[in-house]
Every structure is written in structure tokens, then in C-alpha cells.
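Here is the structure we will look at.
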Amino acid sequence: MKYWLMKSEPDVFGIADLEGCPGKTEPWDGVRNYQVRNMMRDEMKKGDLAFFYHSNCKQPGIAGIMKIVREGYPDHTAFDSKEKYFDPKSDSQNPRWYMVDVQHVRTLKRIITLNELKSHRELSDLPLVRRGNRLSVMPISKTHWNFILSLE
DNA sequence: GCCAACGTTGGC
DNA sequence: GCCAACGTTGGC
């Protein structure tokens, strides 16, 4: 089983929104980055756990835990010209973009802030705190995962 | 294949 | 709103 971190802007879709979805489950759609696409299509497996990270907001940080409940399948929002994430170069015959379904597991007792994550030497090689990293999905080692949870 | 221009991300 | 650090696009 693998561990992940996935970013979302809470003003658009936050941890509380995921918890409010039917079955607390929702497709993680709208990813339009090839590296992230490859991870979602090829590497994420059912049962993997992921941190829900709040980005581009007042208090960026880890807000909760979710579980991958459906493995990579075509992101149909790319096919629809009315969708925000429409991509004319993707179609159902030859889909360019993929998504997974995620389910809310639990909301953390508090946000573990980016500031705090940066302050721990143990996390100095966590991709999230490395300079210039803009990937919206990244793998997390088991060691880092456990350490971060111990901060809660 | 190079690289300038442009678009996006996301912390601050 | 600023801007650094990317990623993507497209002319050549």
C-alpha cells in the first residue's frame, strides 16, 4: 500500500466538501499535469491512503485523510466543452486525462500547517516542502506519513 | 531540438 | 496582488 498527498483549494473543494459528498466519495477530477496523470493512472491503487492538503488559502496545510476507492479511469470532464477543465485534445476514444475516486476517512483534529511541516528536520526531503515543487499529487513515504500523523 | 513567450501554481 | 518556479506551446 502506498501513501500520497493531494492538494486542493479549500475555497473550491475542501475536506468538508468531500465529507459532504454522497458516500463521502468523489472523483478527483481536473488534473491537467502529465506527471500527476501518470501517478493517478498507473500508480495509485485501491486502498492507498492520501493526505488532503489545503492549498492557496489562509492556512495552507494538511486537513485530513482519504482513501483511494477507485483506480485511474478517464476524466470525462475533459470531453465536455462546457466544463471548466475541458481539453479539446482529449476524447473518449483516446483519453488524455485520468482521475481516481477518493473517500473521506477522517478530518484531522487540527490543520497541520505547511509552516509546521517546514520546521521539522525529519521532513526536510518531503517533496511538499522542497522549493519550487508545484505538483498537486505526490507520493509520501511511510516514515514521513507516520511522522506527520504523530504531530497531530 | 532549441528556446522565448506565455500560462499556472501557490506561498507570502 | 506580487512573483518565483515551474510546465507548455509553437516558431524556427
Side-chain angles (χ1 to χ4, degrees), chain A residues 2-21 26-44 48-68 71-141 143-145 147-152:
Chain A
K2 293 205 191 77
Y3 298 94
W4 305 90
L5 179 143
M6 303 168 80
K7 300 179 186 173
S8 181
E9 302 186 21
D11 294 342
V12 179
F13 187 80
I15 184 81
D17 297 308
L18 179 60
E19 190 171 15
C21 289
E26 187 75 356
W28 199 267
D29 61 10
V31 167
R32 299 292 179 265
N33 171 284
Y34 288 104
Q35 269 180 271
V36 175
R37 188 276 310 267
N38 293 345
M39 285 190 271
M40 295 207 301
R41 188 190 57 192
D42 306 330
E43 293 180 48
M44 281 188 163
D48 285 359
L49 293 175
F51 285 132
F52 194 123
Y53 178 86
H54 283 174
S55 70
N56 205 10
C57 58
K58 278 256 171 65
Q59 198 174 45
I62 292 170
I65 297 173
M66 53 195 173
K67 181 167 65 176
I68 311 303
E71 293 176 13
Y73 62 106
D75 182 346
H76 53 76
T77 67
F79 307 152
D80 184 349
S81 61
K82 292 187 292 293
E83 286 281 351
K84 181 183 173 194
Y85 296 110
F86 172 62
D87 181 351
K89 293 172 189 153
S90 186
D91 62 66
S92 55
Q93 295 308 306
N94 190 16
R96 173 177 293 204
W97 304 114
Y98 284 73
M99 58 190 180
V100 298
D101 284 359
V102 295
Q103 181 176 42
H104 179 275
V105 173
R106 72 180 180 91
T107 301
L108 297 191
K109 297 193 270 284
R110 63 182 189 88
I111 302 257
I112 301 174
T113 64
L114 177 62
N115 249 340
E116 195 178 345
L117 296 172
K118 282 179 172 168
S119 75
H120 291 283
R121 220 185 358 226
E122 291 89 340
L123 300 175
S124 59
D125 55 351
L126 183 71
L128 182 73
V129 304
R130 305 215 55 132
R131 183 159 169 267
N133 183 0
R134 302 185 323 169
L135 287 184
S136 63
V137 172
M138 64 190 75
I140 302 277
S141 73
T143 307
H144 283 161
W145 177 274
F147 181 80
I148 291 167
L149 276 182
S150 77
L151 300 174
E152 183 185 10

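Computed from a prediction, not measured in an experiment: that's the story for all the values here. Any value given below was found using the heavy atoms of this structure, including those in side chains, with hydrogens, waters and symmetry copies removed. Every chain is numbered from 1 and lettered A, B, ... according to where its sequence line falls, protein lines coming before strand lines.
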Grab the [atom1]-[atom2] distance between [X] and [N] for me, whole Å please.
X        : N      : atom1 : atom2 : result
A:Tyr85  : B:dG7  : OH    : P     : 18 Å
A:Leu126 : B:dG11 : CG    : C1'   : 16 Å
A:Met6   : B:dT9  : CE    : C1'   : 17 Å
A:Asn56  : C:dG1  : CG    : P     : 13 Å
A:Asp11  : B:dG11 : CG    : P     : 12 Å
A:Leu5   : B:dT9  : CG    : P     : 16 Å
A:Lys89  : C:dG7  : NZ    : C1'   : 13 Å
A:Asn133 : C:dA4  : CG    : C1'   : 14 Å

Sugar-phosphate, base or nothing in reach of A:Lys58, heavy atoms under 4.0 Å: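 Counting heavy atoms under 4.0 Å across all strands, no contact is made by A:Lys58.
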Touch class at under 4.0 angstrom, heavy-atom based, for A:Glu9 against every strand present: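 No contact at all - A:Glu9 keeps every heavy atom at 4.0 Å or more from the nucleic acid.
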Polar side-chain atom of A:His104 near backbone of A:Cys21 as donor-acceptor pair, under 3.5 Å: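 It does not hold such a pair.
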5' priority, DNA chain C, between A:Tyr34 and A:Arg134 [closest heavy atom]: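 Per heavy-atom nearest nucleotide, the more 5' residue is A:Arg134.
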Full working for ring pair (Phe, Tyr, Trp, His ring centres under 6.0 Å) between A:Trp4 and A:Phe52: CA-CA 9 Å; A:Trp4 305 90; A:Phe52 194 123; over 10 Å; no
Contact check, side chains of A:Val31 and A:Asp75, non-hydrogen atoms, under 4.5 Å: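 SC-SC contact between A:Val31 and A:Asp75 ruled out.
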Distance test, side-chain N/O of A:Lys7 to OP1/OP2 of B:dT9, below 4.0 Å: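 No, A:Lys7 has no side-chain N/O under 4.0 Å of OP1/OP2 on B:dT9.
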Residue-phosphate contact under 4.0 Å: A:Lys118 side-chain N/O, B:dC12 OP1/OP2: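 So the side chain of A:Lys118 is within the cut-off, an N or O lying under 4.0 Å from OP1 or OP2 of B:dC12.
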A:Arg110 to A:Leu151 - nearest heavy-atom pair and separation: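 Smallest interatomic distance, heavy atoms only, reads NH2-O, 2.8 Å.
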